[in-house]
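Every chain is numbered from 1 and lettered A, B, ... according to where its sequence line falls, protein lines coming before strand lines. The model shown is predicted, which means the values in this text are computed figures rather than measured ones.
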Amino acid sequence: MKPAPFDYVRPGSLGEALQALAGHPEAKVLAGGQSLVPLLSMRLAAPAVLVDINGLPDLDHVRADADGVRIGALARHAQVLRDPDVARVQPLVPLALADVAHATIRNRGTTVGSLVHADAAAEMPMVLRLLDGSVDVVGPQGRRTIAADDLYVGPLESSLHHDEIAVEAFFPALAGGSGVAFEEIARRHGDYAMCGVAAVVAVEDGRVVSARAGYLSVSDVPAVVDLTEALDGETTPAALARAADAALAVLEPETDIHATADYRAHLARVLTARVVTAAHQHARQHARQEQS
Amino acid sequence: MTEEIHRIRLRVNGVEHEVAVPARRLLSDALRHDLGLTGTHVGCEHGVCGACTILVDGAPMRSCLTFAVSAAGSELTTVEGLARPDGSLGPVQQAFRECHGLQCGFCTPGFLTTITAGLAENPDPTEDEARDMVAGNLCRCTGYQNIVKAVCRAAEIAREDRDSA
Ligand SMILES: Cc1cc2nc3c(=O)[nH]c(=O)nc-3n(C[C@H](O)[C@H](O)[C@H](O)COP(=O)(O)OP(=O)(O)OC[C@H]3O[C@@H](n4cnc5c(N)ncnc54)[C@H](O)[C@@H]3O)c2cc1C
Ligand code: FES
Ligand code: FES
């Protein structure tokens, strides 16, 4: 279980890093290494060159303002999770981050690294899609913004080009009259979950006017389902059952060593009801606070 | 392919070392093989078991998921660095001994480093918080009851230390 040999560079500027990537078709970015190093050690990946971006300046920022939360490529999960402004502007970010791996992994792993690693079992890619966030990348052609919907193209596959570096992620702020919730079921707290669901619900006069839910570990790519129609304004048991049916019609849970497809479907159903209810409550609370 | 060898400086437990390693040398292997600090144990080598946990600038991290070349310039603390200056057991080590928090000891270095950092952040954990503190570390033989007790006892010893200082 040792990585195959590779060349290692640790550039001190973004320009040098881009050059190193452009110079070799089999070069790979190394950020926190918490997903990449296991892949190298198991020899599931054997890049010729690793471009360690940990020495790049000005990429470890976490900024929250009225628009939303901006997270630099070198901000560690732990740093984002600790930030009180992030929690205020978009509470779904810390709710989900608290279940990303164990604290020790969060001390090194980056949130942007997790987003571009594009694992459908990971929390943050799903949250980015659910919130309609985006990732900014820089490549030989300059900077571009990739909307979350265009970022996830297949299992562990993002639409980033091999010579691009993700520099910043953007999670939009919680909108007025909206609420969020997240819950997942894992064998052990901190492990990849067997199923996880997040929801964003908007209310007007207490009635649900929009509801979307994001799902992890029950599809190939992070999945988002619009439940507005199925709920028809309410979160009664009957409405929640309709919402779960609507979600399961598009999800594709699979069996693996951790759980059967049936069990994952069951979890998706139960969690849909729980998080939609919780997000509805949060939305009403949020709406009341705005009025007072 | 002849592998390039990197000469790097690693600062471990306050002592500066120079080592010559290929880029693929895991930090866990650099500590054990190049520096002879075999207190850091290697179990799974993919981040799951926690045996290899060390402190990097005070924060617990997996040494099996870091390359030695990336760790140059950081202040590293291994289990060998947890004793008191006079060589007697540090608070967490003492608590593990008192509470019977280890049997074979394979997992212990990772628990000791993790808990040392955990208590620095939360000096007075509840039992639930203590359990959460060690949730990323696996022990195959002791079971977690005594380890959780040891976390709470270590907090107590550290408090007594502070009060008498
Ligand atoms: C035991 C364990 C449990 C875990 N549990 C979870 C979990 O429950 N949920 C979860 O979401 N994650 C989990 N993780 C993964 C963890 O969150 C990783 O930190 C994260 O997925 C990747 O971030 P990183 O910075 O470590 O990236 P790396 O491992 O360095 O890189 C991952 C991939 O992304 C690419 N990359 C990284 N950053 C950039 C960038 N800026 N630009 C371009 N490409 C880039 C790399 O080339 C590589 O292909 C777990 C990891 C471990 C070891
Ligand atoms: S050896 Fe590093 S986590 Fe298991
Ligand atoms: S004491 Fe043996 S594995 Fe923990």
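- More than 12 heavy-atom neighbours from other residues, nucleotides or ligands sit within 6.0 angstrom of CZ on B:R11.
- The number of heavy-atom neighbours closer than 6.0 Å to CZ of B:R7, taken from other residues, nucleotides and ligands shown, is 12 or below.
- Counting heavy-atom neighbours within 6.0 Å of B:E121 CD, excluding the residue itself, gives a total of 12 or less.
- Only the backbone of A:A4 comes within contact range of chain B, with heavy atoms under 4.5 Å apart.
- When the shell of 6.0 Å around CD of B:E127 is examined, it contains 12 or fewer heavy atoms from other residues, nucleotides or ligands.
- For A:L39, no part lies near chain B; criterion is any non-hydrogen pair under 4.5 Å.
- Looking at residues two or more places apart in sequence or on another chain, you find a ring-ring contact (aromatic ring centres under 6.0 Å, His included) between B:F106 and B:H41.
- Within a 6.0 Å sphere centred on CD of A:E254, heavy atoms belonging to other residues, nucleotides or ligands number 12 at most.
- B:R62 places no side-chain N or O within 3.5 Å of a backbone atom of A:T104 that could act as its donor or acceptor partner.
- Rounded to the nearest 0.5 Å, atoms CZ (B:F67) and CG (A:L50) are 6.0 Å apart.
- For A:R43, the CZ atom sits in a packed shell: over 12 heavy atoms of surrounding residues, nucleotides or ligands are nearer than 6.0 Å.
- Interface remark: B:S70 contributes backbone and side-chain atoms alike to the contact with chain A (heavy atom separation under 4.5 Å).
- Across every non-hydrogen atom of A:V37 and B:L65, the tightest pair is CG2-O, 3.6 Å.
- Across every non-hydrogen atom of B:G47 and A:I105, the tightest pair is O-CD1, 3.7 Å.
- Of the possible polar contacts, one joining the A:N107 side chain to the B:P60 backbone as a donor-acceptor pair under 3.5 Å is found.
- Taking every heavy atom of both residues into account, A:H189 and B:D132 meet most closely at ND1-OD1, 3.2 Å.
- Heavy-atom distances place the side chain of A:L30, and not its backbone, under 4.5 Å from chain B.
- Nearest heavy-atom pair across A:R188 and B:V48 is NH2-O, 3.7 Å.
- Comparing A:R108, A:R106, A:R10, A:K2 by how many heavy-atom pairs each has under 4.5 Å with chain B, the most go to A:K2.
- Atom CG of B:D163 has more than 12 heavy atoms from other residues, nucleotides or ligands within 6.0 Å.
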